[in-house]
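Read through the structure below, which is laid out as C-alpha cells, and then see the notes.
Treat the numbers as computed from the prediction; the structure is a model and nothing was measured. By convention here, the first residue in the shown sequence is residue 1.
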Amino acid sequence: MKKRLNVSVVCATHNGRKKIRNLISSINDNYVLPNEIIICGTDQLDLRHISKNIIKDLNIKFFFSKIKSQIIQRNIAIKNSSSDYILQIDDDVTIKKNFFLNLSKYVHDTRDRKKIVSALIIQNDKSLQAGTWNNIYKKYKFFRFIVLLLNNFKKIKEYSILASGRCVPFIKNFDSELKNNIKDVEWLCSTILYHKSCLKNVKNFKQNSAKAYYEDVLFSHQLYRKNYKLLIDVNVIGIHDNQPFTSTSIYFKTLPTQLELVKFFNKSRLLFILDIFIFTFIHMLRDLYVKLQSK
C-alpha cells in the first residue's frame with residue numbers, strides 16, 4: 001500500500017477534461033500519495049475519462065461550479081478539503097514520480113508552518129518556464145537596463161516583483177546553478193504547498209478577466225509580506241505544457257491584474273504606466289517578427 005500524506009490537492013479547471021486526466025495519471029504514478037484530490041470544474045463530465053478504481057484509490061472528489069473563475073473554484077475546493085496541508089496546482093501541470101516523496105519533509109515538519117513551498121516548473125521540452133525571458137535578460141544589456149529602470153534602479157532579484165508590478169522569473173544559469181533550492185523568493189506559481197492556517201492572512205481578489213492572471217502571485221506575495229518563507233525546491237519537479245509566446249492582445253488582458261498588484265502592494269503607478277508603454281512596444285515588435293517568420 002502506498003504511503004499517504006496529510007495533503008489535499010486542490011485544482012480548478014474549465015474545459016480541462018484531457019488536462020485533468022494527465023494530471024491525475026501523473027499523481028497516480030507517485031510512490032507517495034496525497035490524502036485526497038479535490039477538483040472544482042465547470043463541466044460535470046470532467047472526470048469521465050478517469051476510471052472508477054482510480055477515483056476511489058486516489059480519493060478524488062469533484063465539485064461543480066456554475067461560475068468560471070479559477071479563484072472562486074479553487075476556494076470551493078479548499079473549503080471542501082479535509083487535510084491540514086493544501087497543494088494547489090494548475091490543471092495543465094503534471095508531476096514527476098518522486099513529487100510527493102520530496103514534498104513529504106515539509107508536511108512532516110509541523111514546527112514550521114510558515115514555510116510555503118513550490119515545485120520547480122519546467123516545460124515538456126525540458127526548458128525552464130519563462131526561459132525566453134531568462135535568455136533575453138542574460139543576453140541583452142539594454143533589456144537589463146529596462147528591467148532596472150522599472151525597478152527604480154534597485155537591485156534585481158529573481159522571483160521578485162518590480163516597482164512597476166512586473167514579475168521577475170528565474171534569471172540565473174538554468175543548466176549549472178540549480179543544485180540548491182531557490183530561497184527567499186517573493187512569489188510562487190503553478191504548484192504551491194502550504195498549511196491551512198496561513199489562509200487567514202490572505203485576501204481574496206476578484207477575477208478581472210475571463211482567465212485568471214497572476215492569481216498565484218497575489219496569493220503567495222501576501223504571505224511573503226506576512227513574513228512567510230517562500231522557496232522553490234529544485235528536487236520537486238512539475239511539468240507544464242510548452243506555452244506560446246504572449247501576444248499583444250493577451251498582454252493587454254493581463255494589465256488589470258498587474259495594476260491590482262501595483263495598488264495592493266504599494267508599487268509605483270508611474271513606473272507601471274512606463275512599463276505599459278515599453279512592453280506594449282516590445283510585444284508589438286515580437287508579434288510582427290512572428291508574423292513575418294510564419295510567411
Side-chain angles (χ1 to χ4, degrees), residues 5-11 26-27 30 32 34 74 78 81 83-90 93-123 126-131 133-134 137 151 154-162 166-203 214-240 261 265:
L5 284 182
N6 185 15
V7 173
S8 296
V9 174
V10 302
C11 182
S26 70
I27 293 175
N30 268 245
V32 176
R74 183 176 287 166
I78 290 171
S81 64
S83 306
D84 292 325
Y85 282 84
I86 299 292
L87 174 73
Q88 58 186 49
I89 189 166
D90 292 346
V93 171
T94 57
I95 62 175
K96 294 280 191 177
K97 289 184 178 181
N98 59 358
F99 186 93
F100 287 101
L101 176 64
N102 289 331
L103 271 184
S104 61
K105 59 187 174 185
Y106 302 107
V107 177
H108 292 150
D109 187 7
T110 57
R111 297 167 300 172
D112 190 3
R113 293 178 175 177
K114 297 200 74 171
K115 189 172 286 184
I116 315 296
V117 184
S118 177
L120 178 71
I121 305 297
I122 60 175
Q123 299 193 107
K126 297 184 179 180
S127 65
L128 186 67
Q129 191 177 41
W133 199 102
N134 176 284
Y137 182 84
N151 202 37
K154 294 180 181 178
K155 183 179 178 180
I156 305 302
K157 176 187 171 186
E158 62 186 346
Y159 287 101
S160 65
I161 300 178
L162 301 180
R166 178 167 296 279
C167 299
V168 176
F170 194 84
I171 58 176
K172 293 181 181 176
N173 189 312
F174 178 49
D175 295 324
S176 64
E177 296 185 24
L178 284 185
K179 297 175 183 177
N180 300 311
N181 293 338
I182 308 168
K183 298 180 179 180
D184 300 321
V185 302
E186 296 185 6
W187 58 271
L188 300 169
C189 68
S190 297
T191 63
I192 306 178
L193 177 79
Y194 54 88
H195 191 271
K196 266 186 178 177
S197 60
C198 79
L199 291 171
K200 64 180 181 293
N201 294 306
V202 176
K203 174 189 173 182
Y214 302 124
E215 76 283 355
D216 284 340
V217 177
L218 284 163
F219 173 83
S220 57
H221 192 63
Q222 288 183 72
L223 295 173
Y224 170 80
R225 291 286 188 101
K226 295 285 185 178
N227 296 317
Y228 283 77
K229 302 299 181 184
L230 277 58
L231 70 91
I232 297 170
D233 191 318
V234 298
N235 295 308
V236 181
I237 306 295
I239 302 169
H240 199 282
L261 280 168
F265 296 121

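Annotation: side chain of Tyr214 is not in contact with side chain of Ile161 (no heavy-atom distance under 4.5 Å). Side-chain atoms of Glu186 and Tyr159, non-hydrogen and from C-beta on, never get closer than 4.5 Å to each other. Within the 4.5 Å cutoff, no side-chain heavy atoms of Tyr106 are placed close to those of His195. Ser220 has its side chain out of reach of Ile116: every pair of non-hydrogen atoms, C-beta onward, lies at least 4.5 Å apart. Contact of the Leu193 side chain with the Val107 side chain is registered, since non-hydrogen atoms from C-beta on lie closer than 4.5 Å. With a 4.5 Å cut-off on side-chain heavy atoms, Phe170 and Ile232 do not count as touching. Here the side chains of Ile27 and Pro34 are in contact, with some heavy-atom distance below 4.5 Å.
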Ring pair (Phe, Tyr, Trp, His ring centres under 6.0 Å) between Phe219 and Tyr194, worked out: CA-CA 11 Å; Phe219 173 83; Tyr194 54 88; 5.0 Å; yes
Residues Ile239, Lys96; criterion side chain to side chain contact (heavy atoms under 4.5 Å, CB included); working and verdict: CA-CA 8 Å; Ile239 302 169; Lys96 294 280 191 177; 4.0 Å; yes
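Across all their heavy atoms, Val236 and Leu103 have their closest contact at CG1-CG, 4.0 Å. Taking every heavy atom of both residues into account, Leu5 and Phe100 meet most closely at CD1-O, 3.4 Å. Contact detail for Lys196 and Ser83: the closest heavy-atom pair is CE-O, 3.2 Å.
Under the 3.5 Å distance criterion, the side-chain polar atoms of Lys183 are left unmatched by any main-chain donor or acceptor of Lys229. A donor-acceptor pair is defined here as one N or O able to donate and one able to accept, closer than 3.5 Å; no such pair exists between the side chain of Asp90 and the backbone of Val93. Using a distance-only test at 3.5 Å, with no hydrogens or angles considered, a donor-acceptor pair links the side chain of Asn181 to the main chain of Val234. One N or O on the side chain of Gln222 and one on the backbone of Lys203 form a donor-acceptor pair closer than 3.5 Å. For the pair Ser118 (side chain) and Leu188 (backbone), a donor-acceptor distance under 3.5 Å is absent. At least one donor-acceptor pair under 3.5 Å links the side chain of Asn30 to the backbone N or O of Phe99. Side chain of Asn6 to backbone of Asp84: a donor-acceptor contact under 3.5 angstrom is found.
Expressed to the nearest 0.5 Å, how far OG of Ser190 lies from CD1 of Ile95 amounts to 13.0 Å. Separating the CG atom in Leu223 from the CG atom in Leu230 is a distance of 6.5 Å, to the nearest 0.5 Å. Between the SG atom in Cys189 and the NE2 atom in His240 there is a gap of 8.0 Å [rounded to 0.5 Å]. Going from atom NE2 of His221 over to atom CZ of Phe265 covers 5.0 Å, rounded to the nearest 0.5 Å. Asn102 contributes atom CG, which lies 8.5 Å from atom CD1 of Ile237 (distance to the nearest 0.5 angstrom). Between the SG atom in Cys11 and the CD1 atom in Ile89 there is a gap of 7.0 Å [rounded to 0.5 Å].
Salt bridge Asp216/Arg74: present, at least one basic N to carboxylate O contact under 4.0 Å.
When Ile171, Leu162, Asp184, Val168 are each tested for a side-chain contact (heavy atoms from CB on, under 4.5 Å) with Lys157, only one passes: Asp184.
Shown here is Lys200, whose NZ atom has more than 12 heavy atoms of other residues, nucleotides or ligands within 6.0 Å.
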